[in-house]
Amino acid sequence: MNAKKSSLPIVVLAGGVGAARFLRGLALVNEPRATTVIVNTGDDTTLHGLNISPDIDTVVYTLAHAIDAQRGWGLSDESWRAMDSLKKYVEVRPENSDAAPDWFNLGDKDLATHFYRTARRIEGAGASQIAAEIARAWDLEQQILPMTDDAVSTLVELAEDCIAGKAGDVISFQEYFVKYKHGVAVRSVAFDGVDSAKPNGLAQLNNAGAIVIAPSNPIVSIGPIRALPLVDETLRKNRERVVAISPIVGGRAIKGPADRMLNELGHESSALGVAKIYSKVASTLIIDSADAGLKDEIQALGMRCVVTDTMMIDTSVSAALAKTTIDAIVGRPS
Ligand code: FO1
């Protein structure tokens with residue numbers, strides 16, 4: 001795409017893979033230095049004593065063109081020697097020990113990021129300072145902001161007895177997502193610590209020319225950001241400039257468990273269900289051409305609805321989606 005880039009101050013609320021692909025397209029149509037990304041950190045975990053921020057790292061690695069595109073997480077051209085070496089300790093680990101968690105794969109190159117983040121935390125640096133340093137290390141111009149510098153943990157309550165535990169038991173998000181491959185039914189989701197956490201990026205939200213809710217899971221990726229004090233209020237105040245992109249196409253999640261999770265938690269797994277979740281905070285919803293038939297029902301909720309290709313199979317689709325998304329806010333008559 002060779003057309004001149006806009007320099008609109010844009011804030012993107014982001015989860016992992018879907019958001020990262022959108023951001024790569026956005027960088028081709030809007031000056032990266034004008035973009036602030038507020039990233040979900042409810043997925044953060046500590047394993048082997050290392051602080052791991054999966055969504056921040058997915059966004060950074062994708063924007064740096066270093067992501068493993070097949071997996072959607074971790075680095076390309078990765079090796080797994082540390083994980084392989086861990087296996088011998090799994091054998092000797094006592095029953096009540098969490099040491100050597102071999103269900104969460106950390107590549108050898110990826111480990112450097114977790115080493116750095118952990119060492120800086122121990123030195124007393126805050127999450128946003130560290131994210132800025134990591135973004136700089138990868139030559140990114142976008143401002144990458146964790147949603148808060150405080151600890152917030154997404155917790156998942158099991159709906160029924162299963163391999164992960166008994167109905168009513170609560171497990172961490174990464175156990176749900178990676179250890180049990182999001183294959184267990186969910187009764188509820190909570191964001192531990194969110195009520196007393198201080199959100200990052202409120203000033204950027206208030207000053208943005210456009211606020212984009214990326215095509216991420218509305219419950220566990222965008223949900224934790226919205227649950228922070230003052231965030232929903234700020235979005236509502238700026239609703240005219242907020243545009244969301246549906247991560248559900250033809251009733252199915254593009255990636256991950258969003259479709260099942262929406263159903264299990266009493267929402268509709270459709271672009272219309274997504275519209276209902278966002279209608280109070282977003283004036284506009286972008287939906288896929290496959291869902292064009294839902295446009296009237298979405299507009300009846302008081303949202304504008306733009307139909308386009310949202311399947312980001314390559315960067316040209318991502319860039320076109322980003323352009324359509326910006327135009328939906330700044331290109332329409334006020
Ligand atoms: N996802 C997996 O499905 N399996 C893994 O072993 C795994 C390891 C991993 C390591 C670092 C990282 O930054 C992300 C990783 N992810 C893995 C992805 C990640 O946990 C989830 O995709 C997100 O938390 C959901 O947004």
Side-chain angles (χ1 to χ4, degrees), residues 12-23 37-64 66-84 86-87 90 100-118 127 130-131 134-135 137-138 144 146-147 152-156 164 171-184 186 189 191 213-225 247-248 253-262 312:
V12 179
L13 306 192
V17 181
R21 290 193 179 141
F22 173 80
L23 286 163
V37 191
I38 300 178
V39 187
N40 169 41
T41 52
D43 294 15
D44 287 13
T45 190
T46 304
L47 296 166
H48 319 283
L50 297 173
N51 296 112
I52 301 164
S53 279
D55 285 354
I56 298 241
D57 293 347
T58 297
V59 165
V60 168
Y61 293 166
T62 303
L63 285 172
I67 197 87
D68 182 292
Q70 202 74 36
R71 286 194 306 271
W73 53 268
L75 289 161
S76 60
D77 194 22
E78 188 56 282
S79 57
W80 304 92
R81 298 185 66 179
M83 288 307 295
D84 286 343
L86 203 62
K87 285 189 186 124
V90 175
D102 57 339
W103 52 270
F104 197 83
N105 297 289
L106 295 170
D108 299 332
K109 292 196 296 175
D110 185 34
L111 276 168
T113 304
H114 315 307
F115 289 160
Y116 184 77
R117 175 178 290 115
T118 307
I130 300 168
I134 290 174
W138 289 92
I144 310 293
M147 65 180 194
V152 173
S153 302
T154 299
L155 300 175
V156 172
I171 59 174
S172 74
F173 179 79
Q174 292 303 341
E175 286 176 298
Y176 163 74
F177 195 94
V178 176
K179 191 171 187 179
Y180 301 110
K181 301 185 172 37
H182 46 79
V184 297
V186 173
V189 166
F191 311 119
I213 300 179
S216 298
N217 186 317
I219 312 262
V220 290
S221 296
I222 304 300
I225 306 176
I248 302 288
I254 298 168
K255 196 168 192 307
D259 44 11
R260 265 174 295 124
M261 205 174 239
L262 284 167
M312 294 181 279

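Note: hydrogens, waters and symmetry copies are ignored here, and every other heavy atom, side chains too, is used. As the structure is a computational prediction, the values presented were derived from the model and not from experiment. We count ligands from 1, going down the list as the structure has it; atoms in each ligand are counted the same way.
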Task: Residue pair Leu47 / Trp103, side-chain heavy-atom distance below 4.5 Å - done: yes
Task: Qualifying residue, where the test is side-chain contact (heavy atoms from CB on, under 4.5 Å) with Met83 and the options are Asp108, Leu111, Asn105 - done: Asn105
Open item on the list: Heavy-atom distances under 4.0 Å decide this one: backbone, side chain, both or neither, for Asp110 against ligand 1?
Closed with: side chain
TODO: Give the numbers and elements of all ligand 1 atoms closer than 4.0 Å to a heavy atom of Pro54.
DONE: 13 (O), 14 (C), 19 (C), 20 (O), 24 (O)
- [ ] Determine yes or no for a side-chain-to-main-chain donor-acceptor pair under 3.5 angstrom, with Thr118 supplying the side chain and Asn51 the backbone.
- [x] yes
- [ ] Classify the contact between Asn105 and ligand 1 as side chain, backbone, both or neither, using a heavy-atom distance cut-off of under 4.0 Å.
- [x] both
Task: Among Trp73, Trp103, Phe104, Phe177, closest by any non-hydrogen atom to atom 5 (C) of ligand 1 - done: Trp73
TODO: Pick whichever of Lys181, Arg71, Gln174 has a heavy atom sitting closest to atom 20 (O) of ligand 1.
DONE: Gln174
Task: side chain to side chain donor-acceptor pair (under 3.5 Å) between Tyr61 and Thr113, worked out - done: CA-CA 10 Å; Tyr61 293 166; Thr113 304; 2.6 Å; yes
TODO: Show which atoms of ligand 1 fall inside a sub-4.0 Å distance from at least one heavy-atom site of Asp43.
DONE: 23 (C), 24 (O), 25 (C), 26 (O)
- [ ] Please determine, by modelled atom types, if Asn40 and Ser221 share a side-chain donor-acceptor pair under 3.5 angstrom.
- [x] no
Open item on the list: Do Met312 and Ile254 make a side-chain contact, defined as non-hydrogen atoms from C-beta onward lying under 4.5 Å apart?
Closed with: no
Task: Asp55, portion touching ligand 1 at heavy-atom distance under 4.0 Å - done: side chain
